[in-house]
Amino acid sequence: MGHFNIAVDGPAGAGKSTIARMVAKKLGFVYVDTGAMYRTMALHFIRLGIGPGDEEAIARACRDVDVTICYEDGAQQVMLNGENVSGLIRTEEVGSMASATSVYAPVRKKLVELQQELAKKADVIMDGRDIGTCVLPDAPAKIYLTASVEVRAGRRFKELAEKGVECSLKEIEEDIRERDYRDMNREHSPLKQAEDAVMLDSSAMTIDQVVDAIIRIACERGLEVGA
Ligand code: DC
């Protein structure tokens, strides 16, 4: 029997990971956070002192690196050459390095293979930028989750303020616009809505409404729950 996979794509800050994690919990699916894998690769390049523009060194560094994931209490952990780096990848520095280095084909090839293997082994909800278009083109349920730049920046601002980090709303907005542009305009697997994906704009929706909408879409596309 094949597994039921749900693909969730969308720009940075749309709430993909929060929502995908909740859907996974409700449906008993495995949540796969592909952004964490690009961040792990980025951390590897930073540690090697490689600049984001040095394509040759990046291609070389991809050859020997070992990125894998495992689960602890249901939460995804990323392993870099056997070291759990999950606590080190959520910085702005790693995030922007991930955005800059995810443009290179060798980086994508390595991680896409890993992602496809994971989707074969279990029912997964996987989030990223190219899941519906490249990684799991045959996934029965595909969601394109977005929200306005203003709403995404506002959410990020609130998140940082709650952590006591001082920041400017305007700078966050600019950063989001820049990242959107880069993710949508790169040559390899740019962020775009798959033809058979359902677009959800979460700007005026609560988290629970988005979660319910995704489960409804999955059921419409053939998922049987609580049979
Ligand atoms: O979702 P995130 O912010 O953790 O992702 C970090 C970067 O990784 C993002 O700017 C683009 C890249 N990425 C990608 O190219 N493809 C994916 N499937 C997931 C992330």
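All values below come from the heavy atoms of this structure, side chains included, with hydrogens, waters and symmetry mates left out. Remember, it's 1-based here, ligands and their atoms both numbered in the order they're listed.
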With a cut-off of 3.5 Å and sequence neighbours excluded, list every side-chain donor-acceptor pair involving residues 153-170.
unit_1	atom_1	unit_2	atom_2	d
Arg155	NH1	Ser202	OG	3.3
Arg155	NH2	Ser202	O	2.9
Arg155	NH2	Ser202	OG	3.2
Arg156	NH1	Glu159	OE1	2.8
Arg156	NH2	Glu92	OE2	2.4
Ser168	OG	Lys170	N	3.4
Ser168	OG	Glu171	N	2.9

- Rounded to the nearest 0.5 Å, what's the gap from CD1 on Ile46 to OG1 on Thr101? Could you check? 8.0 Å
- Message: I need the nearest protein heavy-atom contact for atom 19 (C) of ligand 1: residue, atom name and distance, please.
- Response: Thr34 OG1, 3.3 Å
- Item | Contact with ligand 1 for Arg108, non-hydrogen, under 4.0 angstrom | yes
- Geometric N/O contact Asp33 with ligand 1, under 3.5 angstrom: no
- Can an N or O of Asp130 be found at a distance shorter than 3.5 Å from an N or O of ligand 1? yes
- Query: Considering only heavy atoms of Ser102, which atoms of ligand 1 have at least one such atom less than 4.0 Å away?
  - Reply: 11 (C), 12 (C), 15 (O)
- Message: Just by distance, no angles: are the side chains of Asn84 and Gln77 close enough, under 3.5 Å, to form a donor-acceptor pair?
- Response: yes
- Task: Find all atoms of ligand 1 within a distance of less than 4.0 Å from any non-hydrogen atom belonging to Arg186, and give their numbers and elements.
- Result: 14 (C), 15 (O), 16 (N)
- Measure from the side-chain N and O atoms of Asp130 to the backbone N and O of Thr133, and report whether any donor-acceptor pair falls under 3.5 Å. no
- Using distance alone, with no hydrogens and no angle criterion, decide if Thr206 and Asp208 have a side-chain donor and acceptor under 3.5 Å apart. no
- Once you round to the nearest 0.5 Å, how far does OH of Tyr104 lie from CE of Met41? 13.0 Å
- Note on the structure: Note: ligand 1 atoms sitting under 4.0 Å from heavy atoms of Gly128 are 17 (C), 18 (N), 19 (C)
- Counting heavy atoms only, name the option from Val107, Ile131, Asp183 that's nearest to atom 11 (C) of ligand 1. Asp183
- Query: Counting heavy atoms only, which part of Arg179 comes closer than 4.0 Å to ligand 1: side chain, backbone, both or neither?
  - Reply: side chain
- Message: Could you measure the distance from the CG atom of Asn81 to the CZ atom of Arg47? Nearest 0.5 Å is fine.
- Response: 9.0 Å
- Note: Ala12, heavy atoms under 4.0 Å from ligand 1, region reported as neither
- Selection from Arg129, Arg182, His188, Arg90 by shortest heavy-atom distance to atom 9 (C) of ligand 1: Arg129
- Message: Give me the residue, atom name and distance of the protein heavy atom closest to atom 13 (N) of ligand 1.
- Response: Tyr38 CD1, 3.7 Å
- Message: Under 4.0 Å between a side-chain nitrogen and a carboxylate oxygen: does that hold for Asp73 and Lys25?
- Response: no
- Query: Out of curiosity, is Met37 lining ligand 1, as in a heavy atom under 4.0 Å away?
  - Reply: no
- Query: Which pairs count as side-chain hydrogen bond (donor to acceptor under 3.5 Å, both in side chains) when at least one residue sits in residues 183-197, sequence neighbours excluded?
  - Reply: Ser99-Asp183, Ser102-Arg186, Arg129-Asp183, Lys142-Asp196
- Item | Arg39 N/O to ligand 1 N/O under 3.5 Å | yes
- Task: State which residue, out of Lys110, Lys109, Gln116, fulfils the side-chain hydrogen bond (donor to acceptor under 3.5 Å, both in side chains) condition with Glu113.
- Result: Lys109
- Query: What is the nearest protein non-hydrogen atom to atom 7 (C) of ligand 1, stated with its residue, atom name and distance?
  - Reply: Ala98 CB, 3.8 Å
